[in-house]
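Quick notes on the structure that follows.
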Amino acid sequence: MPLLLSGKPVAEAVQARAKSAIDAFRKKTGRAPALATVLVGDDPASAIYVRKKGEMCARLGLGHRDFRLPASAKQAELEKLIRELNADAAIDGILVQKPLPKQLDGQAVFDLLDPAKDVDCFSPHNAGLLAQGRARLLPCTPAGVMEILRHYKIAVEGKTALVIGRSDIVGKPMAVLLTLANATVTVAHSKTRDLAEHVALADIVVAAMGKNRFLKGSLAWKKGCVVIDVGMHRGSVGSLAASSGGKLSGDVDFDTVAPKVAAITPVPGGVGPMTIAMLMANTVRAAFVRQGFLLENSSL
Ligand code: GUN
């Protein structure tokens with residue numbers, strides 16, 4: 001069987017580093033760094049994610065302010081809240097939970113977000129800095145994947161990496177981070193003609209296309225391949241299935257792929273725990289940068 005790349009010890013290490021930076025920040029400034037979460041509407045899965053983010057803030061000693069707007073919220077209402085949070089000196093990071101209700105223009109909201117507080121790295125300013133290799137805030141899930149690769153000492157430089165999926169949240173920034181780490185990167189997507197041909201050449205495969213158990217063991221996997229599964233699919237009865245006992249699965253058909261590869265992240269327990277850990281690290285990072293403090297730990 002392959003090496004199982006559990007995200008748990010990696011997330012714990014990131015959280016421990018974040019916690020000591022939070023303590024140092026509090027000593028210097030007399031206050032804790034603070035994250036504002038904005039949840040619009042009542043999507044139950046989003047409500048769970050926001051609650052978990054709040055719980056992790058409490059565990060690490062980060063401040064957390066929880067803002068909620070009704071599902072019927074107007075664009076102007078949400079933008080007014082974002083302007084207030086941008087202007088609030090006691091808020092270091094702002095997270096607007098996706099997906100937003102259909103009547104709202106999410107891009108306009110992320111265009112408005114102060115880039116210094118954009119802990120998701122969704123604003124065009126931060127996406128541009130990332131592409132130029134000058135980012136201060138990294139997109140949480142792709143940064144979490146890089147942290148897993150680092151933790152398990154999986155070399156990236158010179159390797160062929162295949163990113164499947166080209167979303168703004170995962171696929172695109174993942175391809176950028178792997179390129180910056182000197183991998184030779186291919187991005188595959190729904191219009192890719194022969195996915196199997198690309199899988200066969202890949203030393204590292206990042207599955208982020210959002211299709212339940214799509215990648216099968218019957219593909220020709222390259223010897224020594226490392227598989228990172230960003231997918232998250234909940235049972236069969238809607239998005240609350242996980243909390244009511246439904247099984248989670250990823251974009252990779254774990255049972256058939258695992259015997260064919262050298263290392264693989266499980267779902268749950270692989271990439272999942274990293275996203276919140278990286279969000280905490282980004283919030284601390286944003287707080288340090290906004291205060292003009294040097295980051296003592298560049299790997300925060
Ligand atoms: N919805 C699903 N994933 C994310 C994420 O990483 N950040 C935000 N803001 N919303 C999400």
**4.5 Å side-chain heavy-atom contact, F122 and L113** = no

**Request:** Identify the two heavy atoms, one from A188 and one from L162, that lie closest to each other, and give their separation to 0.1 Å.
**Result:** CB-CD1, 3.9 Å

**Request:** State plainly whether the residues R150 and E147 are in salt-bridge range, i.e. N to O under 4.0 Å.
**Result:** yes

**Message:** Nearest 0.5 angstrom please: S6 OG to E12 CD, how far?
**Reply:** 8.5 Å

**Same apolar cluster (I L V M F W Y, side chains within < 4.5 Å links), V206/V261** = no

**Message:** Whether D92 and R31 form a salt bridge (side-chain N of Lys/Arg under 4.0 Å from carboxylate O of Asp/Glu) is what I want to check.
**Reply:** yes

**Asked** Do side-chain atoms of N86 reach the backbone of D114 as a donor and acceptor pair under 3.5 angstrom?
**Response** yes

**Item:** Expected output: side-chain D105 to main-chain Q75 donor-acceptor under 3.5 Å
**Value:** no

**Complete:** When D66, V50, L78, L95 are each screened for side-chain contact (heavy atoms from CB on, under 4.5 Å) with V38, the one that passes is L78

**Message:** Assess, by modelled atom type and distance only, whether the side chains of K53 and Q97 contain a donor and an acceptor separated by less than 3.5 Å.
**Reply:** yes

**Message:** Can you confirm whether more than 12 heavy atoms, excluding those of K8, are under 6.0 Å from its NZ atom?
**Reply:** no

**Message:** If I compare all heavy atoms of I148 with all of G7, which pair ends up nearest, and what's the gap?
**Reply:** CD1-CA, 4.5 Å

**Item:** Side chain proximity check, Y152 to P9, heavy atoms < 4.5 angstrom
**Value:** yes

**Prompt:** Less than 4.5 Å apart, any side-chain heavy atom of F110 and any of D168?
**Reply:** no

**Request:** Only counting residues at least two apart or in another chain, list the ones meeting salt bridge (Lys or Arg N to Asp or Glu O under 4.0 Å) with K159.
**Result:** none

**Message:** Can you tell me how far apart CZ (R68) and CG (L39) are? Round to the nearest 0.5 Å.
**Reply:** 5.0 Å

**Request:** Enter the distance from T160:OG1 to L201:CG here, rounded to the nearest 0.5 Å.
**Result:** 6.5 Å

**Message:** Is the shortest side-chain heavy-atom distance between M274 and V145 below 4.5 Å?
**Reply:** no

**Request:** Give a yes or no answer on whether the side chain of K117 reaches the backbone of I94 with a donor-acceptor pair at less than 3.5 Å.
**Result:** no

**Item:** A131 to V176 - nearest heavy-atom pair and separation
**Value:** CA-CG1, 3.9 Å

**Request:** Using the test side-chain hydrogen bond (donor to acceptor under 3.5 Å, both in side chains), find all partners of Q107 that sit at least two apart in sequence or belong to another chain.
**Result:** D111

**Prompt:** With side chains defined as the heavy atoms from C-beta onward, is the minimum distance between L129 and R136 less than 4.5 Å?
**Reply:** no

**Asked** Any side-chain heavy atom of F293 within less than 4.5 Å of one from T29?
**Response** yes

**Asked** Do L130 and L177 have side chains that get closer than 4.5 Å, going by heavy atoms?
**Response** yes

**Request:** Determine the interplanar angle of the F288 and F25 rings, folded into 0 to 90°, and report it as parallel if under 30°, tilted if 30 to 60°, perpendicular if over 60°.
**Result:** tilted

**Message:** If we check side-chain contact (heavy atoms from CB on, under 4.5 Å) with V252, which of these qualifies: D229, V230, N212, I164?
**Reply:** D229

**Message:** Rounded to the nearest 0.5 Å, what separates atom OG1 in T179 from atom CE in M174?
**Reply:** 9.5 Å

**Message:** If we ignore hydrogens and angles and just use 3.5 Å, is the side chain of R83 paired with the main-chain N or O of L112 as donor and acceptor?
**Reply:** no

**N-O pairing of D88 and R65 below 4.0 Å** = yes

**Asked** Quick one: does I22's side chain get under 4.5 Å of P33's, heavy atoms only?
**Response** yes

**Message:** Among residues at least two apart in sequence or on other chains, which ones pass side-chain hydrogen bond (donor to acceptor under 3.5 Å, both in side chains) with T186?
**Reply:** none

**Asked** Counting only N and O atoms by type, is there a donor-acceptor contact under 3.5 Å from the side chain of D42 to the main-chain atoms of A71?
**Response** no

**Asked** Do D23 and K19 sit within salt-bridge range, that is, some charged N less than 4.0 Å from a carboxylate O?
**Response** yes

**Message:** Quick one: does any side-chain atom of T192 pair with a main-chain N or O of L195 as donor and acceptor, under 3.5 Å?
**Reply:** no

